[in-house]
Amino acid sequence: MRVILWAMLCTFLAVTAQAQVAQLDPDASRIREGWIGGIEVTLGLSQPVPWRARVLADPPRLVLDFRNLDLGKVLPGHGRRITSIRQGTVRPGWSRMVLTLARPHIISSAEMRTGDGATVHVVLEGADEAEFAAAAARPEPPEWALPAVPPAPEVSGEGPLLVMLDPGHGGLDPGAEHGGLHEKVLTLAFANELRQVLLRDGTFRVALTREDDRFVPLETRLTLARQAGAGVFISIHADAVAEGEATGTTIYTLSDEATDRAARVLAEWHDREDIIAGVDLGGQDDSIARVLMDMARAETKPRTDRLAAALEVAVKSHRIVMHRHPRQAADFAVLKAPDMPSVLIELGFLSSQGDLAKLRDPAWRARMALAVRDGLLAWAAKDAVIRPGLRR
Ligand SMILES: [Zn+2]
């Protein structure tokens with residue numbers, strides 16, 4: 001009997017106990033693909049914490065959220081029915097484990113046994129499309145929903161133009177990983193370095209879409225930029241690619257049609273990672289809003305193209321090796337702000353040994369930061385002439 005499709009168990013503890021962060025005990029935890037189609041998740045915790053389990057669609061996945069729990073390393077155990085496991089912070093004080101399922105499953109039981117520590121036990125069983133859709137469609141109770149409008153980002157500096165820096169990935173979305181280096185760590189480090197360089201100049205104010213290792217949905221990154229009144233948006237990445245010999249810096253702008261297959265795969269991967277890691281907030285704009293957005297985009301596009309061109313010139317003038325196609329276009333969700341020039345810089349590729357060494361090198365990153373500053377300065381000067389009223 002499928003009694004509990006959606007199990008939510010909140011163990012409300014004394015305030016003193018809640019302040020302590022519980023630990024996941026990997027030795028007392030296992031994920032098993034059991035008997036006929038079933039999946040069994042057992043997690044040993046050092047103490048009980050509020051938690052919940054639910055399934056979500058597109059792709060089918062089990063999402064486990066915990067309050068004040070340090071999940072530590074990703075558990076082994078994926079195979080035929082679980083195609084990937086990821087975990088990390090989803091917002092301050094909350095961690096999330098996401099198990100991507102090869103086919104639809106629903107929760108047949110979910111419980112936390114307490115005693116010496118606590119044990120979370122979740123059993124999944126195979127379901128047909130209709131059963132799964134019903135379970136996945138249950139609305140998020142308000143107390144569990146990610147805040148739609150996050151707190152305003154902190155803006156530093158005095159300059160006339162606000163630059164929104166967007167360190168790619170974060171929290172339970174680590175991005176690429178090579179040689180022990182996580183993209184989310186690198187992008188945040190570089191964004192902080194670039195902020196210092198930009199602030200020295202006096203032309204810019206600077207804000208970041210995230211200041212620490214947390215998950216920020218792609219749409220929220222745009223909301224933060226708009227909230228802060230950003231004049232330009234720069235997303236920072238250093239991905240890995242499976243095919244080809246991709247090396248060197250690449251500057252991406254938005255286009256419905258990707259420059260090539262690799263660019264399209266990269267954009268799809270980014271957007272899909274975001275959906276898997278978080279709850280798909282799926283902004284549906286009505287047709288009137290879409291027309292207005294298209295008009296704003298048409299006005300913004302030449303400004304974005306000039307920004308990408310200025311950055312390319314600056315990066316080359318700092319003798320930084322660029323990709324053989326230094327400027328590319330793809331359908332990145334994070335570049336879709338209709339009214340704000342937006343670019344995505346792939347600093348390099350973690351999958352390339354040469355690039356990896358450069359990305360680790362503080363001197364190389366300092367040169368890259370100067371290049372981005374120079375590109376922004378050149379663009380902003382020209383943009384202010386072409387578009388009077390920008391500098392108020
Ligand atoms: Zn990335």
Side-chain angles (χ1 to χ4, degrees), residues 74 84 86-90 98 100 164-194 208-222 224-225 233-244 246-255 258-278 308 311 315 322-323 325-337 342-352 354-356 358-360 364-365 368-369 372:
V74 177
S84 77
R86 72 199 70 207
Q87 59 191 42
T89 312
V90 71
V98 183
T100 311
M164 197 74 187
L165 299 178
D166 175 44
H169 311 278
L172 81 167
D173 170 15
E177 189 201 347
H178 261 261
L181 185 58
H182 279 111
E183 186 183 357
K184 66 174 183 178
V185 175
L186 176 73
T187 57
L188 181 59
F190 181 74
N192 276 314
E193 291 161 2
L194 178 55
L208 268 61
T209 54
R210 65 178 178 96
E211 300 270 354
D212 51 22
D213 181 22
R214 74 174 64 184
F215 174 72
V216 184
L218 295 175
E219 282 196 33
T220 305
R221 294 171 191 255
L222 297 185
L224 285 164
F233 185 88
I234 298 183
S235 192
I236 296 158
H237 286 261
D239 282 278
V241 285
E243 47 192 282
T247 80
T249 305
T250 322
I251 297 160
Y252 283 88
T253 51
L254 177 70
S255 165
T259 321
D260 59 21
R261 208 184 100 80
R264 195 186 68 237
V265 169
L266 194 61
E268 281 171 0
W269 183 73
H270 271 153
D271 294 0
R272 188 178 158 87
E273 280 294 302
D274 187 65
I275 290 167
I276 292 173
L311 287 169
V315 169
M322 296 196 80
H323 188 271
H325 302 301
R327 275 168 62 194
Q328 298 196 41
D331 194 17
F332 284 105
V334 80
L335 298 180
K336 284 185 178 166
S342 307
V343 295
L344 185 149
I345 302 178
E346 291 282 354
L347 298 173
F349 290 91
L350 284 182
S351 42
S352 145
D355 282 9
L356 183 62
K358 288 174 185 170
L359 293 163
R360 283 187 197 279
W364 185 89
R365 294 201 305 270
M368 176 60 89
V372 175

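These numbers come from a predicted model, not from an experiment. Counting starts at 1 for both ligands and their atoms, in listed order.
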Please tell me whether His169 and His270 have a donor and an acceptor in their side chains that are separated by less than 3.5 angstrom. yes
Polar protein atoms near the Zn ion (ligand 1) [N, O or S; cut-off under 2.8 Å]: His169 NE2, Glu183 OE2, His237 ND1, Asp239 OD1, Asp239 OD2, His270 NE2
Salt bridge check: are Asp331 and Lys336 linked by an N-O gap of less than 4.0 Å? yes
A side-chain contact here means heavy atoms from C-beta on lying under 4.5 Å apart; do His182 and Leu186 qualify? no
Would you say the side chain of Pro167 lies within less than 4.5 Å of the side chain of Ile236, judging by non-hydrogen atoms? no
Within a strict 4.5 Å, meaning less than it, do heavy atoms of the Phe233 and Leu165 side chains meet? no
Side chain Asp355, main chain Gly248, donor-acceptor under 3.5 Å: yes
